[in-house]
Structure formats: C-alpha cells, structure tokens
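Have a look at the structure below, then the notes.
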Amino acid sequence: MRVAMVPTMGALHEGHLSLVRQAGENADHVVVTIFVNPTQFGPGEDYEEYPRTLDTDVEQCRQTGVSLVFAPGLSEMYGTTGTEAPKHFISFRISKMTDQLCGPFRPAHFEGVLQVVNKLFNIVQPDAAVFGQKDIQQWFLIRQMAGELDMPVEILMGPTRREPDGLAQSSRNVYLTSDERKKAPMLFESLQRIRWQLEGQCHSARSTRAGEAITEPGTPAVSVNPAIISEEINRLDENGFHVEYFSLVTTPDLQPADVIEPGRLYVIATAARLGKTRLIDNVLFTFKDSQTHDA
Ligand code: AMP
C-alpha cells in the first residue's frame, strides 16, 4: 500500500486540490496535512491573520478522495498552547540554497519549513509527497533535504494552478483589494515576457551559429542581457508593486545565472508586495532544441 502526502497550511484552493489529485494518481491513499506552522513565519508576518477554514477544507478533501486529513494543533506539534514560543532544541541550518530568492527576505522561514515537513514526514511516513511549483525554492530545498538525509520519500512537483487571468492561486490572494486583484496578474505577465525574451536570445544564438556553419559539437552558453529583468522590475514598480526580487537562477542550487547553458533547468522567480499582500510566482526555462520547459 502506497501513501502520498500533501502538506498544506489549509484555506484550500484548486492549486492544493490539483496536488491531491496528482498524489492520488501516485498512491493508494492520500493524506493531506493542514497546519499553519508558526516556526516558518517571521515577526510581523501574517501568522495570526492567515486564513483558517478547516471545516470547508475537510469537506473539499472528502470530495477529492483524500483518505485522511491530519490537522494537528500547536500542542501536538510543538508542545505549546499558542501563547508561548514553540519548544525545540534542534533546528536545520541551510547553506547556499537560501542565499537568493525568498531566503534573504524571510530569515528563518525555510528552516521552519524543513523542520515542520520533516516532522510531518516522520508522523505520516509517506512513500511520496507532492509540493507545488508555486513555492519553487521550497520545492528544491525539500528535495535536497530528502536526498541528503536519505529520507525514504519521493518528492513530486505539481504545476502552478492559475486563475483565468494568469494570477497564481494562493491562500493569500484573499488579502488583495479589488484594485490590487486587477493588477496582480502583471507578475506572471512579466515572468512570461522574460521567458519569451530568453527564448528569443537562445533562438538567435542558435541561428547565428547555424549560419556560421560551426561544425564542433555542442551549443555554447548564451549570455543573459540583464536589462530584460530590470525593465520588468521598473514596469512593476511603476504599477504599484514593490518588487523584492526578480531573478534568474540555476537549478538545483538556486544561484544567480548570467548565462544559459543548453539543457540546464533554470527558474525565473519573483516576489513582490502589492499593498499588504506578498505575491510570489515563477516559471521554468530550459534552452533545448526549439522549446522551453512546459510550465
Ligand atoms: P500552502 O498551503 O500555501 O503552504 O501550500 C501547500 C502546498 O500547495 C505547497 O506545496 C504549495 O506549493 C502548493 N500550492 C500553493 N499554491 C499552489 C498553486 N497555485 N498551484 C499548485 N500548487 C500550489
């Protein structure tokens, strides 16, 4: 009997449910965990106001074929009642993979994520776990943790589910005012424009090379024009976003990329504040024969 797990913080939406369905295709039983984990929220972040909708979440899980919902309280997870800080003496230290993207803006966030995911893996003991591409840095960190620490769990990625206008679905989208909601899809549009421009640069590098009739094997790396990213940051800033980062990084180590090497998977990722809402999104990019990665 194979068990697949989908860890969440609740306030479930279609993005979460798509992970549940993917988990169901990979296992006999799906376990969904619902826990708003305090150790991954920094001071001043939205731990208190994070939407909590347990009854509807459980009903959605029931309708999507989930076998078990594990929704522990603070005392079960950390031996606290909520007024004191979680008690623990052991924590994770991450190097390099949190130097970029959300890492510098959310100190200790990913350490808290790895802590809770590790605890949940130990409690549920799944054969597989599905996490969303939406939180791409989290995905690579969890996969790294599972690999480095020889955890017997397969880490799967579910594609980002979007609203019809392209906005990535998120439990935090409920914080957006109606004006902000109209602007929010600009984030994905910017990411897509960067991806198209990178495709264009790679395509012309390939054509030039073909025109020059170079005979040695292998396609050389293509340098990235940094202006394509700064233009998008300016455009977003002019439209009321406060961009925290907009980066092109290598995988799996999540380091800044200034060249594109054929065949390698890259992430173009951004985080921006719109009013009081922090939005994140990303797209994947690979320079392969004539297409990009499908995401
Ligand atoms: P959260 O409840 O926000 O902690 O997310 C729980 C899981 O759902 C994580 O693996 C997220 O990456 C994933 N997730 C969140 N939003 C989406 C989305 N729009 N599409 C796909 N997966 C998502």
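Hydrogens, waters and symmetry mates play no part in the numbers below; they use all other heavy atoms, side chains included. No experiment lies behind these values; they were computed from the predicted model shown. Read the numbers this way: they start at 1 and go in the same order the structure lists the ligands and their atoms.
- Here is the list of ligand 1 atoms found below 4.0 Å of a heavy atom in P7: 6 (C), 7 (C).
- Under 4.0 angstrom from ligand 1, the non-hydrogen atoms of L19 all belong to its side chain.
- Annotation for ligand 1: atoms under 4.0 Å from non-hydrogen atoms of P159 are 20 (N), 21 (C).
- Of the N and O atoms on the side chains of Q115 and E111, not one donor lies less than 3.5 Å from an acceptor on the other residue.
- The F131 neighbourhood of ligand 1 comprises atoms 10 (O), with distances under 4.0 Å to a heavy atom of that residue.
- No more than 12 heavy-atom neighbours from other residues, nucleotides or ligands sit within 6.0 angstrom of NE2 on H203.
- Remark: K276 qualifies as a cation-pi partner of Y175 under the 6.0 Å distance and 45° angle criteria applied to the six-membered ring.
- Residues F246 and E232 form a side-chain contact, since some pair of their non-hydrogen atoms from C-beta on lies under 4.5 Å apart.
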Anything under 3.5 Å between a donor and an acceptor, one on a side chain of residues 28-38, the other on a protein residue two or more places apart or in another chain? List them.
unit_1, atom_1, unit_2, atom_2, d
D28, OD2, R2, N, 2.6
H29, ND1, S67, OG, 2.6
N37, OD1, T39, N, 3.4
N37, OD1, T39, OG1, 3.2
N37, OD1, Y78, OH, 2.6
N37, ND2, T39, OG1, 3.1
N37, ND2, Q40, OE1, 3.0
N37, ND2, G112, O, 3.2

Donor-acceptor pairs under 3.5 Å, side chain of residues 100-108 to any protein atom, not counting sequence neighbours: which ones?
unit_1, atom_1, unit_2, atom_2, d
R106, NE, E45, OE1, 3.4
R106, NE, E45, OE2, 3.1
R106, NH2, E45, OE1, 2.6

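- At under 3.5 Å, a nitrogen or oxygen of H16, whether backbone or side chain, sits near a nitrogen or oxygen of ligand 1.
- Close contacts between ligand 1 and Q169 involve ligand atoms 16 (N), 17 (C), 18 (C), 19 (N) [criterion: under 4.0 Å to a heavy atom].
- Distances below 4.0 Å separate heavy atoms of K134 from the following atoms of ligand 1: 16 (N), 17 (C).
- Heavy-atom proximity to G132, at under 4.0 Å, picks out these atoms of ligand 1: 9 (C), 10 (O), 11 (C), 12 (O), 13 (C), 22 (N).
- Figure legend: R273 and F241 shown without cation-pi pairing, the cationic atom not lying both under 6.0 angstrom from the six-membered ring centre and within 45 degrees of its axis.
- For the residue pair Q201/N225, the side-chain donor-acceptor check at 3.5 Å is not satisfied.
- Polar contact with ligand 1: absent for S170 (N/O pair, distance under 3.5 Å).
- Below 3.5 Å of separation, one finds an N or O of R161 facing an N or O of ligand 1.
- The protein heavy atom nearest to atom 11 (C) of ligand 1 is D135 OD2, 3.0 Å.
- Remark: among candidates M9, R172, H13, Q133, the nearest residue to atom 17 (C) of ligand 1 is H13, based on non-hydrogen atoms.
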